[in-house]
Protein chains: 2
Amino acid sequence: MSPYDPSAFPPFAVTVDLVVLTVRRHALCTLAVRRGEPPFQGRWALPGGFVRPDEDLAGAAARELVEETGLCVQDPGTPAPAPGTGAHLEQLATYGDPKRDPRMRVVSVAHLVLAPDLPAPRAGGDANSARWAPVETLLGPEGEASALAFDHAQILADGVERARSKIEYSSLATAFCPPEFTVGELRRVYEAVWAVALDPRNFHRKVTGTPGFLVPTGGTTTRQGGRPAQLFRAGGATLLNPPMLRPEV
Amino acid sequence: MSPYDPSAFPPFAVTVDLVVLTVRRHALCTLAVRRGEPPFQGRWALPGGFVRPDEDLAGAAARELVEETGLCVQDPGTPAPAPGTGAHLEQLATYGDPKRDPRMRVVSVAHLVLAPDLPAPRAGGDANSARWAPVETLLGPEGEASALAFDHAQILADGVERARSKIEYSSLATAFCPPEFTVGELRRVYEAVWAVALDPRNFHRKVTGTPGFLVPTGGTTTRQGGRPAQLFRAGGATLLNPPMLRPEV
DNA sequence: AGTGTTTATCGTCAGGAAGACGACTATGAT
DNA sequence: ATCATAGTCGTCTTCCTGACGATAAACACT
């Protein structure tokens, strides 16, 4: 058989699933929707849906994101024209185990979205309920009652690990922040994503000393209490060199 | 419409494509096959083929790899039982632009394979010709006559970039080496993949000083000429911390 | 007004890692 | 014997980080 015979191919369903991460109340949270139908009816799952015949994968992911959250995505691939605006979206990995969906053969292209803290999930489309859940809860002990549907626990774990490692060597952590933010707010993002405590003084030295990472806006804020802090925007740099080091243990 | 209605979904063809990288004569090379039929007849392309209804994505990639090269893959996920044996395989990314194949909607899950230098590509299966080509050649100037079919130039570029960055912080470079190798051979792998020159003394200090990276076998070899060099096997460590630094510029 | 608390920011110091590079060693080739 | 080639061990300087002291500027009390 020809490896590219277009007339005889096994048909697959292709979906996109979304790992939408944000930082809420010092914890890394993800968007979960409750399934309204079998299989896994009533269980939590990652948002997602079928790819349409005429859209590409990133487009399908962006569409699902708007439908579920109202969030707009910075043009993928293009360096953000207005850093801090909108969310970051990237492809995560593809999951295609023959048995991952009991009904049929579904290949799901998972995407990772990093978003600033949002007011509240609007249950758009057909999702009759949606919520931000701490990833600790969803990935907690094995066999948890709150376990995610399908292989979504694995997808979420992969997405979280991707985010954890990517903020080491890129400026992506700013995607969790509003357009203007303080060094302390950025530090709390790192602390939430890595679930560690960082030294405020060394962190400040590191981020302000990395060229192109942060651009001072001139303003200050006191919204965190304490001494007023300088406000920054994300700079043009996307890669951190040397990287931010994740503490051991 | 329900996002998971199994009865009405747009059918896609799902394929795997392989970026098989190796180091030959101090150059990073990839496996290319010549297409025997339209579209892109006579052009070079990455090896690949349809995913079968009952196999998972990594399994399809491993099967295609055996068909094309005879190469066996270490059980993916499992830490290599015999490091240096077989090839490393991992998922790279998924390409699903609606127009990427002019005939039909094809979503391709690209995989990356790192292999030691192999004798010669055996044109297995139906590939009437296959060769190792330096990635420089295939990715050279835009609009080259030798350009790859479909979006395979993009896939290859992504695979090369993945390999280049992954040998920074992992011990994956040993996947390009035979089971036993010298520090100099490993250094030449880094030099070929990164296309840079590295200081032999600092490189030696770095790799021998990283716990778990290299295990001396006791033997020595002189196959490179010059003073006999110690032979090593890949150690159990998979992550390099701190990473190997890629020289700037 | 004064005191404590919180957060931000600057500075100092010691230790580790890396780049540059000198020196020596052990082979084969001429 | 001499040279060329590769491998291996050291040294020195520089940069970065982690640990942590000290000061600054706001707010909440009393």
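Keep in mind that what you see is a predicted model, and the values were worked out from it rather than measured. Chain identifiers are assigned alphabetically (A, B, ...) following the order of the sequence lines, protein sequences preceding nucleic acid strands; residue numbering begins at 1 within each chain.
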**Q** Does His204(A) make a side-chain N or O approach to OP1 or OP2 of dT9(C) shorter than 4.0 Å?
**A**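 So the side chain of His204(A) is within the cut-off, an N or O lying under 4.0 Å from OP1 or OP2 of dT9(C).
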
**Q** With nearest nucleotide decided by heavy atoms, which residue, Asn202(A) or Arg227(A), maps closer to the 5′ end of DNA chain C?
**A** Arg227(A)

**Q** Using whole Å, report how far CG of Asn241(B) lies from C1' of dT17(D).
**A** 13 Å

**Q** With DNA chain D as reference, determine whether Arg201(A) or Arg188(B) sits nearer its 5' end, using the nearest nucleotide of each.
**A**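 Comparing both residues, the 5'-ward one is Arg188(B).
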
**Q** Show which side-chain atoms of residues 154-163 of chain B pair as donor or acceptor with protein atoms under 3.5 Å away, not counting sequence neighbours.
**A**
{"residue": "Gln154(B)", "atom": "NE2", "partner": "Asp158(B)", "partner atom": "OD1", "Å": "2.9"}
{"residue": "Asp158(B)", "atom": "OD2", "partner": "Tyr95(B)", "partner atom": "OH", "Å": "2.5"}
{"residue": "Arg162(B)", "atom": "NH1", "partner": "Glu90(B)", "partner atom": "OE2", "Å": "2.7"}
{"residue": "Arg162(B)", "atom": "NH1", "partner": "Gln91(B)", "partner atom": "O", "Å": "3.2"}
{"residue": "Arg162(B)", "atom": "NH2", "partner": "Leu92(B)", "partner atom": "O", "Å": "2.7"}

**Q** Whole-Å distance between dA17(C) P and Phe203(B) CZ?
**A**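 Spelled out: CZ on Phe203(B) to P on dA17(C) is 17 Å.
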
**Q** Can you check the Gln230(A) CD to dA25(D) P distance for me, whole Å?
**A**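 Taking CD of Gln230(A) and P of dA25(D), I get 13 Å after rounding.
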
**Q** If I take atom OH in residue Tyr190(B) and atom C1' in nucleotide dG19(C), what distance separates them, rounded to the nearest angstrom?
**A**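 My rounded result for the distance is 17 Å.
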
**Q** To the nearest Å, how far apart are Leu240(B) CG and dA17(C) P?
**A** 13 Å

**Q** Check for me whether the distance between the ring centres of Phe203(A) and Tyr190(A) falls short of 6.0 Å.
**A**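 Yes - the distance between ring centres of Phe203(A) and Tyr190(A) falls below the 6.0 Å cut-off.
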
**Q** Please confirm whether the shortest side-chain N or O distance from Lys206(B) to OP1 or OP2 of dA17(C) is below 4.0 Å.
**A**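 Answer is no, no contact under 4.0 Å.
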
**Q** Between dT13(D) atom P and Asp199(B) atom CG, what is the distance in whole Å?
**A** 18 Å

**Q** If you check the Arg205(A) side chain, which of dG18(D), dT8(D), dC12(D) turns out closest?
**A** dG18(D)

**Q** Measuring from Trp194(A):CH2 to Met244(A):CE, what's the distance to the nearest 0.5 Å?
**A**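 Result: 6.0 Å between the selected atoms.
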
**Q** Please give, in whole Å, the distance from dT8(D) C1' to Leu186(B) CG?
**A**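 Nearest whole value for this atom pair: 16 Å.
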
**Q** Judged by each residue's nearest nucleotide on DNA chain C, which is more toward the 5′ side, Phe232(A) or Met244(B)?
**A** Phe232(A)

**Q** Would you give the length of the straight line joining atom CZ of Arg34(B) to atom CZ of Arg131(B), rounded to the nearest 0.5 angstrom?
**A** 7.5 Å

**Q** Take atom CZ in Arg25(A); do more than 12 heavy atoms of anything else shown fall under 6.0 Å from it?
**A** no

**Q** By nearest atom, which of the nucleotides dG7(D), dT8(D), dA26(D) is closest to the Thr222(A) side chain?
**A**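 Selected nucleotide (nearest to the side chain): dA26(D).
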
**Q** Would you mind reading off the distance between Gln224(B) atom CD and dA29(C) atom P, rounded to a whole angstrom?
**A**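 So the two atoms are 14 Å apart, to the nearest Å.
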
